[in-house]
Amino acid sequence: MNREHLQLNYGLRFDWGLPGAKAVGAAADVAVVVDVLSFTTTLTVAVDAGIAVLPYRWNDDSAERYARESDATLAVGRSRASNEQISLSPNTIRCTTAPRRLVLPSPNGSSICFELGTGAGVCVGASLRNATAVAGWIARHCTPTSVVSVIAAGEKWPSGELRPAIEDLWGAGAVMYALTATGWDAEASPEALMAIAAWRAVADTLPQSLAASASGRELRAAGYPEDVAIAAEVDRSTAVPVLEDRVFRGREAG
């Protein structure tokens, strides 16, 4: 890997997907994963409900065994969820009885968190719902010399390549913008500044812009408009999901 791609000269870094997480996040003091539609949005809704969430890889045959061994409920695929079943759809958590522990697989955000969970740094889940809370938590629990890397999970094309998803760019930018607003003065990489600028450009029209995005249109066309609306609940949550021993538990921003 080219050393320059690691953004080593900067304390606030940004990149995409699992390769980006390995490049700029694995050695960071704090790695923030953003998957707005839908893993980290569903994660924040679950944490708000008092659920401990275990990330896991997508479509892995061992997921059911992992959930059983972890004494947790396994979320089903979004299209397979029936009454009283939880899926990657955040609305299913609001419409069912909350389990104590939940394995929540996804091909993007959850997979990235699962991989980062083996590192020495702290992994935090962020969405538009808790961007300011995450920034506040970082500002209170880290020093300006700490390295913070924010990872936009993105989506995948049918062939498996990364599809950059604009909503994750916005979510990452929202976290970093809120972090700089706290007075955090670590130098931001050009990549991080680009994400901040993208968030500022859409902040005043976020609900409409999210609904009009490619991923937003996809979910609405599939019959999940509530998921898009929940993802657009900017700063509705004050909980900060922190991954410890492979389990996300909520921490308050203050």
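Note that the coordinates shown come from a computational prediction; the quantities given were computed from them, not determined experimentally.
- Listed by chain and residue number, E69 satisfy the salt bridge (Lys or Arg N to Asp or Glu O under 4.0 Å) test with R65 (two or more places apart in sequence, or in another chain).
- A heavy-atom distance below 4.5 Å is found between the side chains of R3 and L8.
- Other residues, nucleotides and ligands contribute over 12 non-hydrogen atoms within 6.0 Å of the CZ atom of F114.
- Under a 3.5 Å cut-off, the side chain of D235 and the backbone N or O of T132 do form a donor-acceptor pair.
- Note that CG of L88 and CG of L104 are 5.5 Å apart. Values are rounded to the nearest 0.5 Å.
- When all heavy atoms of A231 and L128 are compared, the pair lying nearest together is O-CB, 3.6 Å.
- The CD1 atom of I86 sits 3.5 Å away from the OG1 atom of T96 when rounded to the nearest 0.5 Å.
- Atom OG of S146 is separated from atom CG of D29 by 4.5 Å, given to the nearest 0.5 angstrom.
- Grouping the Ile, Leu, Val, Met, Phe, Trp and Tyr side chains by contacts below 4.5 angstrom, directly or via other members, places L43 apart from L219.
- M176 and A192 get closest at one heavy-atom pair: SD-CB, 3.6 Å.
- E161 pairs by the salt bridge (Lys or Arg N to Asp or Glu O under 4.0 Å) definition with nothing, not counting sequence neighbours.
- Without hydrogens or angle criteria, D15 side chain to I151 main chain gives no donor-acceptor distance under 3.5 Å.
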For this session: Any chance you could lay out the side chain to side chain contact (heavy atoms under 4.5 Å, CB included) test for R101 and L54, step after step, and finish with the verdict?
Result: CA-CA 7 Å; R101 291 162 61 88; L54 290 71; 3.9 Å; yes
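- One hydrophobic cluster, built from ILVMFWY side chains closer than 4.5 Å, holds both L12 and V240.
- Within 6.0 Å of CZ in R200 there are 12 or fewer heavy atoms belonging to other residues, nucleotides or ligands.
- Closest of all the heavy-atom pairs between R163 and S215 is NH2-OG, 3.0 Å.
- Annotation: side chain of V103 is in contact with side chain of Y66 (closest heavy-atom distance under 4.5 Å).
- I93 and V76 fall into different hydrophobic clusters, where Ile, Leu, Val, Met, Phe, Trp and Tyr are joined by side-chain heavy atoms under 4.5 Å apart, directly or via other members.
- Between V247 and V53, the closest side-chain pair of non-hydrogen atoms is not below 4.5 Å.
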Residues 31-39, side-chain donor-acceptor partners within the protein, below 3.5 Å, at least two apart:
{"residue": "D35", "atom": "OD2", "partner": "G109", "partner atom": "N", "Å": "2.9"}
{"residue": "S38", "atom": "OG", "partner": "R78", "partner atom": "NH2", "Å": "2.7"}

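- Summarising the geometry of L74 relative to P105, their closest heavy-atom pair is CD1-CG, 3.9 Å, with the distance given to 0.1 Å.
- Inspection of the E155 and N108 side chains reveals an N or O donor paired with an N or O acceptor under 3.5 Å.
- No side-chain heavy atom of L18 sits less than 4.5 Å from a side-chain heavy atom of S111.
- For the atom pair OG1 of T42 and CZ of R94, the computed distance is 10.0 Å after rounding to the nearest 0.5 Å.
- A search for side chain to side chain contact (heavy atoms under 4.5 Å, CB included) contacts involving T97 returns E84, not counting sequence neighbours.
- In this structure, V175 is a member of the same hydrophobic cluster as V148, with clusters built from ILVMFWY side-chain heavy atoms closer than 4.5 Å.
- With contacts defined as side-chain heavy-atom distances shorter than 4.5 Å, the pair V124/L243 does not qualify.
- Under the 4.5 Å side-chain criterion, counting only non-hydrogen atoms from C-beta, I230 is in contact with V45.
- Shown here for L179 and A135, the closest heavy-atom pair between the two residues is N-CB, 3.4 Å.
- Checked for salt-bridge contact, R236 and D48 miss the test: no charged N lies under 4.0 Å from a carboxylate O.
- Residues S87 and R80 have side chains not in contact (no heavy-atom distance under 4.5 Å, counting atoms from C-beta outward).
- With R100 contributing its side chain and A72 its backbone, the two residues share no donor-acceptor pair below 3.5 Å.
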Exercise. Can you check side-chain hydrogen bond (donor to acceptor under 3.5 Å, both in side chains) on S209 and T205, steps first, answer last?
Worked result: CA-CA 6 Å; S209 296; T205 61; 3.0 Å; yes
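- Using modelled atom types, no side-chain atom of T182 and backbone atom of A139 make a donor-acceptor pair closer than 3.5 Å.
- Checked by atom type, the side-chain pair S106/Y56 shows no donor-acceptor distance below 3.5 Å.
- Residues near V147 contribute nothing to a hydrophobic cluster around it, because no ILVMFWY side-chain heavy atom sits closer than 4.5 Å to its side chain.
- Between atom CH2 of residue W199 and atom CE of residue M194 there is a gap of 15.5 Å, rounded to the nearest 0.5 Å.
- With sequence neighbours excluded, the residues satisfying side chain to side chain donor-acceptor pair (under 3.5 Å) with S89 are D227.
- A side-chain N or O of T143 and one of T145 form a donor-acceptor pair less than 3.5 Å apart.
- The aromatic rings of H141 and W137 lie parallel to each other, their planes meeting at an angle below 30°, with 60° marking the opposite boundary.
- R13 places a side-chain N or O within donor-acceptor distance of the main-chain N or O of Y10, the cut-off being under 3.5 Å.
- Considering all non-hydrogen atoms of both residues, D168 and W16 come closest at CB-CZ3, 4.3 Å.
- Transitive grouping of hydrophobic side chains (ILVMFWY, heavy atoms separated by less than 4.5 Å) brings V202 and F14 into a common cluster.
- With rounding to the nearest 0.5 Å, the separation of SG in C113 from CZ in R246 is 11.0 Å.
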For this session: Could you walk me through whether F248 and I51 pass the side chain to side chain contact (heavy atoms under 4.5 Å, CB included) test, one step at a time?
Result: CA-CA 9 Å; F248 275 112; I51 302 171; over 6 Å; no
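- Within a 6.0 Å radius of CD in E244, other residues, nucleotides and ligands contribute more than 12 heavy atoms.
- Between the S70 side chain and the A67 main chain, no donor and acceptor come within less than 3.5 Å of each other.
- Using modelled atom types and a 3.5 Å distance limit, the side chains of R129 and T44 yield a donor-acceptor pair.
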